[in-house]
Protein chains: 2
Amino acid sequence: MNKNKDVAGEEPSGALMADVARLAGVAISTVSRALANPGRVNEKTRAKINAAAKQLGYTPNAMARGLRVGKSNIIMIILPGSLYYGASQVIPQVLQSINKSLIQGGYNLMIANLDRDEISERHILDLAFGGSVRGAIILSSKLPEVDGRSLANSGLPIVSMLLDMSDAGLQSVVTNDREAVRDVTAELIRLGHRRFFYLAGPEGNYHDVERYGGVLEALEAAGLSEDSVHRSGGHLDYQHGFDIGVQAADDFAELTEKPTAVIATSDDMAISFVSRIQRTGLSIPGDVSVVSFDGSPVCEFCSPPLSTIKQPVEEMGRAAVDLLLDAIGHRQNTAAVRTVIRSNLIPRESIAAPKS
Amino acid sequence: MNKNKDVAGEEPSGALMADVARLAGVAISTVSRALANPGRVNEKTRAKINAAAKQLGYTPNAMARGLRVGKSNIIMIILPGSLYYGASQVIPQVLQSINKSLIQGGYNLMIANLDRDEISERHILDLAFGGSVRGAIILSSKLPEVDGRSLANSGLPIVSMLLDMSDAGLQSVVTNDREAVRDVTAELIRLGHRRFFYLAGPEGNYHDVERYGGVLEALEAAGLSEDSVHRSGGHLDYQHGFDIGVQAADDFAELTEKPTAVIATSDDMAISFVSRIQRTGLSIPGDVSVVSFDGSPVCEFCSPPLSTIKQPVEEMGRAAVDLLLDAIGHRQNTAAVRTVIRSNLIPRESIAAPKS
DNA sequence: CGATTTTTGGCAAACGTTTGCTATAAATCG
DNA sequence: CGATTTATAGCAAACGTTTGCCAAAAATCG
């Protein structure tokens with residue numbers, strides 16, 4: 001019965017631009033221009049067209065447009081898969097902030113997980129090279145690369161967030177991890193602390209390097225030796241944030257000369273650490289001061305409320321999107337490939353001068 | 001210089017199917033079939049084509065394919081915008097689980113936020129009617145509807161998750177909120193509790209209705225009056241999870257006859273509530289027992305560790321994706337429009353028998 | 001009022017695939 | 001070995017837009 005033998009879809013879906021044109025009594029091209037290119041068509045015909053479009057409930061087909069103009073309106077965010085996801089409180093906030101900014105710019109957000117397997121790398125590359133996405137925001141330190149195809153030379157605008165990848169030539173939006181940790185360490189030193197306990201994230205990870213570096217800088221500035229800090233953790237993924245704190249507490253228990261201040265690289269590990277060492281009879285901040293990184297809201301309601309360095313994720317998300325849209329719009333990529341947005345310490349009761 | 005005057009894209013982007021065909025010395029259509037329809041082409045030519053494709057780093061253009069076949073391979077997840085996002089710990093887990101399942105099925109996940117404004121409704125409808133997405137998983141109770149276009153009759157397969165929308169004819173994947181709360185309330189009654197304090201989520205919200213209903217059912221079953229439970233909160237969004245707990249603590253303080261057991265509808269509010277009432281000198285579970293809903297990992301590290309009802313979000317995500325893909329594949333939509341996956345109580349030290 | 005410029009609308013050719021149909025080559029059969 | 005079936009490959013027409021170019025109409029000018 002169907003006249004059109006080469007029918008592809010199953011349902012006629014919605015109204016087409018041709019339908020709108022017919023109803024408005026104009027050509028298809030006029031409809032197209034009326035909808036997209038305000039100035040190019042007479043005000044009166046445009047009104048007619050708009051009316052027709054509304055009446056038919058017309059919605060332009062995104063794929064047809066994308067194909068024709070050779071651009072999609074989708075941005076993908078590349079998350080370091082199970083490594084990060086759900087681990088740190090920051091990811092949902094990052095997503096929300098990025099999505100909000102993107103939509104204002106007329107873009108949509110697609111999620112891509114970059115795990116350690118080749119499958120996921122290939123998948124991301126397919127997205128990039130298949131014209132599905134227009135740009136990428138990456139939260140992973142590794143750029144997918146398989147069989148000669150590499151995200152780096154996909155021609156896709158890419159912005160790195162959280163991690164500094166300016167070395168790889170990527171615009172990067174980061175916070176001042178190092179400086180923030182240095183400052184808080186300096187503050188602890190000023191309060192009288194001399195022995196420190198550092199809860200590391202995954203070994204070699206950018207954040208870990210930066211943050212531990214910050215500790216060392218503060219120690220050096222105060223004339224303290226590197227031995228004043230004991231490093232714990234580092235062999236677990238961020239995914240196991242709470243586990244890191246648990247293990248570190250065991251570690252801590254075995255030290256003969258207890259540190260008086262703990263610097264944790266995420267709130268999760270700080271929380272589980274605190275929970276465990278309180279159980280051994282130590283009090284916070286009486287016996288040991290604790291400060292961590294992330295700024296999770298839950299820190300306010302721990303006992304005692306935890307001091308934490310709040311990452312400005314919303315601002316970072318906005319900045320990343322701005323940079324990406326700039327790059328897409330060919331507005332000259334500002335020479336600066338590194339955008340730093342400052343973290344703030346939220347001081348709470350978990351920090352005090354050491355006992356004696 | 002460019003011969004092709006009607007050039008659309010700016011860069012030649014990657015290799016085209018035509019390039020592969022030329023290199024392999026076959027027709028375009030043969031390439032297409034070789035890549036998609038294994039059996040339809042001779043093994044030998046197929047090998048030649050695959051080699052050519054790999055050599056050129058060919059990636060099929062998703063939009064062209066989508067346009068031709070009239071289907072996209074993108075699924076959108078509709079989140080209740082700022083209402084939920086970042087509030088409850090469950091969202092990131094939901095996203096991860098859904099994304100993982102989708103990718104295995106060859107689909108991609110796009111994020112859509114449904115806020116209370118018309119803009120976001122329109123945006124989602126554009127996605128649906130513009131052929132951008134192939135199906136939707138919705139975590140919001142409201143179906144977007146503007147100007148006669150409604151998601152309900154977009155023809156798009158939709159699955160509701162977390163919220164039961166089977167009344168609206170949507171396949172729904174939910175947990176047994178009511179039953180779980182009823183059981184835990186019954187257990188509290190068994191322990192000897194007779195006066196309860198209920199921390200409500202947003203008033204009228206599905207979860208709130210179900211969970212509060214569970215409390216009432218347990219009371220009734222035990223022959224206790226509805227007055228045995230004091231309801232607090234309910235006028236704030238989930239977004240303000242922690243705030244709800246804080247306000248509820250004030251509320252609690254004013255009660256002359258203190259309840260001995262608290263049932264909270266999210267971990268966030270339980271955590272802030274506990275923090276505040278401990279500050280007033282009450283002890284948990286000595287003076288008051290606390291149980292909440294969600295199963296956030298952080299509960300294990302609260303003091304005392306919080307009993308919580310763990311929502312099986314991973315399983316729910318998987319189930320939602322399965323149902324959606326079934327619907328897309330026209331496999332008869334199983335008559336059951338309601339899939340229930342059971343929650344489990346994780347009992348911890350925050351629950352005990354009342355004092356006297 | 002004729003000539004020139006500016007607006008406005010239409011035609012048709014893309015964009016990169018998929019796929020129905022058809023043509024050829026190979027295989028099978030009587 | 002000719003006839004019939006079956007496997008394989010190619011042609012060309014879609015899919016629903018956008019947009020370069022041109023033609024007609026309207027406006028402006030001398």
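Hydrogens, waters and symmetry mates are skipped; everything else that's a heavy atom, side chains included, is used. Protein chains get the first letters and strands the later ones, always in sequence-line order, with residue 1 at the start of each.
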Rounded to whole Å, how long is the line connecting atom [atom1] of [X] with atom [atom2] of [N]?
X	N	atom1	atom2	value
B/Arg65	C/dT17	CZ	P	9 Å
B/Lys71	D/dG16	NZ	P	12 Å
B/Asn73	C/dT17	CG	C1'	14 Å
B/Leu16	C/dT18	CG	P	12 Å
B/Leu35	C/dT17	CG	P	10 Å
A/Leu67	C/dA14	CG	C1'	9 Å
A/Met63	D/dA14	CE	P	19 Å

Hey, what bend do you get for the helix from C/dC1-D/dG30 to C/dG30-D/dC1 if you fit axes on five pairs at each end, rounded to 10°? 40°
Sequence neighbours excluded, which residues qualify as side-chain hydrogen bond (donor to acceptor under 3.5 Å, both in side chains) partners of A/Lys142?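 A/Lys142 satisfies side-chain hydrogen bond (donor to acceptor under 3.5 Å, both in side chains) with A/Glu121 only.
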Side-chain donor-acceptor contact under 3.5 Å, [X] with [Y]:
X	Y	value
A/Asn42	A/Thr45	no
A/His123	A/Asn113	no
B/Arg149	A/Thr59	yes

Residues in salt bridge (charged side-chain N to carboxylate O under 4.0 Å, His left out) contact with B/Arg65, at least two apart in sequence or another chain: none
Please examine the side chains of [Y] and [X], heavy atoms only from C-beta on, and report whether any two atoms are closer than 4.5 Å.
X	Y	result
A/Ser32	A/Met17	yes
A/Ile138	A/Val159	no
B/Met110	B/Leu127	yes
A/Leu324	A/Tyr107	no

Quick one: is C/dG16 close enough that its OP1 or OP2 comes under 4.0 Å of any side-chain N or O from B/Tyr58?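 No, B/Tyr58 has no side-chain N/O under 4.0 Å of OP1/OP2 on C/dG16.
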Please determine which of B/Leu162, B/Leu163, B/Leu114 meets the side-chain contact (heavy atoms from CB on, under 4.5 Å) test together with B/Ser141. B/Leu163
Among A/Val173, A/Val174, A/Asp322, which residue satisfies the side-chain contact (heavy atoms from CB on, under 4.5 Å) criterion with A/Thr339? A/Val173
Close residues, residues 41-55 of chain B, relative to DNA chain D [heavy-atom separation under 4.0 Å]: B/Val41, B/Asn42, B/Thr45
A/Ser132 and A/Ser72: side-chain contact (heavy atoms from CB on, under 4.5 Å), yes or no, with the steps? CA-CA 6 Å; A/Ser132 298; A/Ser72 111; 5.7 Å; no
Quick check for you: among C/dT17, D/dT19, D/dT17, whose closest atom lies nearest to any side-chain atom of B/Asn61?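 Within the option list, the nearest is C/dT17.
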Whether the side chain of A/Arg68 and the base of D/dT17 hold a donor-acceptor pair under 3.5 Å is what I'd like checked. no
For DNA chain C, which residues of residues 18-33 of chain B approach it to below 4.0 angstrom with any heavy atom? B/Ile28, B/Ser29, B/Ser32, B/Arg33
Could you state the interatomic distance from OG (B/Ser120) to NZ (A/Lys100), rounded to the nearest 0.5 Å? 11.0 Å
Tabulate atom names and distances for all N/O pairs under 3.5 angstrom spanning the protein and nucleotides 4-7 of chain C.
none

